[in-house]
Amino acid sequence: MNTIINQIKDAVVAAGKNLFQVEFPESAIQFQSTRKEFEGDITLVVFPLTKPAQAKPEDLGLKLGEYIQNEVTHVVGFNVVKGFLNLVFSDAYWLQNLDLMVSASQWGMAPQNSKPRMMVEYSSPNTNKPLHLGHLRNNFLGYAVAEILKANGHQVTKVQIINDRGIHICKSMYAWQVSGKNETPESSGLKGDKLVGKYYVEFDIQYKKEIKSLVEQGMPEEEAKQQAPSMLAAQEMLRAWENGDEAVVQLWKTMNEWVYAGFDTTYKRMGVDFDRLYFESQTYLKGRDEVIKGLEKGVFFKKEDGSVWIDLTDEGLDEKAVLRRDGTAMYVTQDIGTAILRFEDYPDTVSQIYTVGNEQEYHFKVLFKILKKLGWTQSDACYHLSYGMVELPEGKMKSREGTVVDADDLMETMAAESKLVADEQGKLSDLNDAEKTAVYNVIGMAALKYFLLRVDPKKNMMFNPQESIDFNGNTGPFIQYGYVRTQALLRKAENWNRVVDAGVTLNEYERNLIQLLYSYPQVIQQAGEKFDPSVIASFAYELTKTFNSFYQQCSILKEENASLKSLRLHLTELSGMCIASSMRLLGVSMPSRM
RNA sequence: GAUCUCGUAGCUCAGUUGGAUAGAGCAUCUGCCUUCUAAGCAGACGGUCAGGGGUUCGAAUCCCUUCGGGAUCACCA
């Protein structure tokens, strides 16, 4: 499309000179896609040209249209509505592009590894409780953005930082020690992350009880929170861990292993993976070292009490502490360490993308500034992929109030729902149970992923467990269904003419499809630039709708004209390919039947 | 208090380099399966784009302001 647009642009400039004796400024030549209700393939907005040309919009449009039609081979018609000049391209132009698309090995994909390495961090859970709905949005987003960047030609490293250290895991450890009776995932039959999460909840219950009783004895609440025996015990455990106490470290290892095993199961079902894991327990000391180095270079300064700070007031931010009085690392300190370690591990990395909730926007502003001051110029290209919360009808998810939606449960529910729908339709009756289950899972996950990814990442979104996830309309299964139709057609098509006949006449359905398919590379590019999978989701939906409409209106296998049949099968094949390809970028798989 | 962000149909969401009559899905209602998979297609209904002001040929989009929701501003993570 670019080449023809450039030709039109040149024609407009020439028309300016020849018809009006003026030089149209580049910025005044504006195009937009033609609205559906009008005839045309591209629209020139003539308003900005009326001033320099000293002409009325309608007249100008007519004159330009005529000029362009004479100059540009593939512009075969035009019409003017108000100040809009709609240009019609020839069928030959679109058929030529169709030929281009079908002969491309992977239409839409930039050449692999043609662009520098980017690192995408996502998931990054704490190891004291199971994954929930918020993590699902995080993981799906991060994974999708990584795939989209790959499709744009980048080398991509998918990473996560596992927050395996700190008071939170000590809470679970302590509660397990007190009341666990050596319970293990094997003995309890619980997934490891669920087991550890159970003790985290127990800790919280006990802790609350203690606070209540202390407050009843007359202690102020703030003090009670600090003095509650179980909290003191958990803190003592953290100190013991930091000092390398063997028993504590052993317990910590054991319980973390349980959690990892549980997470692995969940990740597998989610369909996400990582190229490299980073553990906070291995990077937090690195962060401290980097801060000390920076202190020597004068990037940071030390206050009288021994704490270390950075002054970001010249950047419009505040002063920020990076080391505590006692010299220990803080949250931001570890992130400094992790970021630098990653740049050292993968020196060709030009950017790190952090998939983290929007409540941490300030944190990442600070982190990027600090990295820059430490001399890591890549920080300019680093990006906080900030996403909004998933809200429930009753408000936010709060683990303490039991209003979390568990990731495993939700995925299971989705599969069960899709089983209900599928069984009712009975189209899978000749499959065996394992094959059926695979289809249920693929459909359930599509519904879930698409639901979470079709929304602009930065916005908060609403999740209503009762009615949110549907299988009709603008949904993952709808798109899968369109794909399944393409595959059914292709299975039955047998041998057909693989050559695009450049002489056929296109109807509006065929034309719409070609136009949309032709825009796919730009869609991928836009999604990559914005780090926004919802761009891809919209495209996949639009494409499926357009295909369905085409499917309904045009007979394909029964078409008697061989050239037309070939054209339609090409469109079917290409549509199927692009639907699958775009959904693949979202991490959504396609069933071959449903 | 300061900063950021969001507010579009009953509900969930698209639509910002300023462009035509603001678009989908769900819900409600009407048609279409002896014909390539009806998880579909075609259509109807539904809007003071939170309110007000400004910028201009033109504003959901940019600026100002008011209201409302959310977030952030720790030697927490």
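All chains are named by letter (A, B, ...) in the order of the sequence lines, taking the proteins before the strands, and each is independently numbered beginning at 1. These numbers were taken from a predicted model, which means no experiment stands behind them.
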Any [X] side-chain nitrogen or oxygen under 4.0 Å from OP1 or OP2 of [N]:
X: A:S418; N: B:rA39; answer: no
X: A:K558; N: B:rU35; answer: no
X: A:N548; N: B:rC41; answer: yes

Looking at [options], which one has an atom nearest to any side-chain atom of [X]?
X: A:Y541; options: B:rC57, B:rA77, B:rG25; result: B:rG25
X: A:Y551; options: B:rU37, B:rA77, B:rA39; result: B:rU37
X: A:F471; options: B:rC73, B:rA39, B:rC36; result: B:rA39

Show which side-chain atoms of residues 546-554 of chain A pair as donor or acceptor with protein atoms under 3.5 Å away, not counting sequence neighbours.
| residue | atom | partner | partner atom | Å |
| --- | --- | --- | --- | --- |
| A:T546 | OG1 | A:E542 | O | 2.7 |
| A:N548 | OD1 | A:R485 | NH1 | 2.9 |

(message) What does the B/S/- profile of nucleotides 13-20 of chain B look like, 5' to 3', with a 4.0 Å heavy-atom cutoff to protein?
(response) SS----BB
(request) Please round to the nearest 0.5 Å and tell me the distance separating atom CG of A:L564 and atom CG of A:N497. (result) 12.0 Å
(message) Roughly how many Å apart are B:rA27 and B:rA71, using the P atom of each and rounding to a whole number?
(response) 32 Å
(message) Suppose you measure atom C1' in B:rU37 against the same atom in B:rC33; what distance do you get, rounded to whole Å?
(response)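 It works out to 11 Å between them.
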(request) Answer with base, sugar-phosphate or nothing: what part of the nucleic acid does A:A422 contact at a heavy-atom distance below 4.0 Å? (result) base
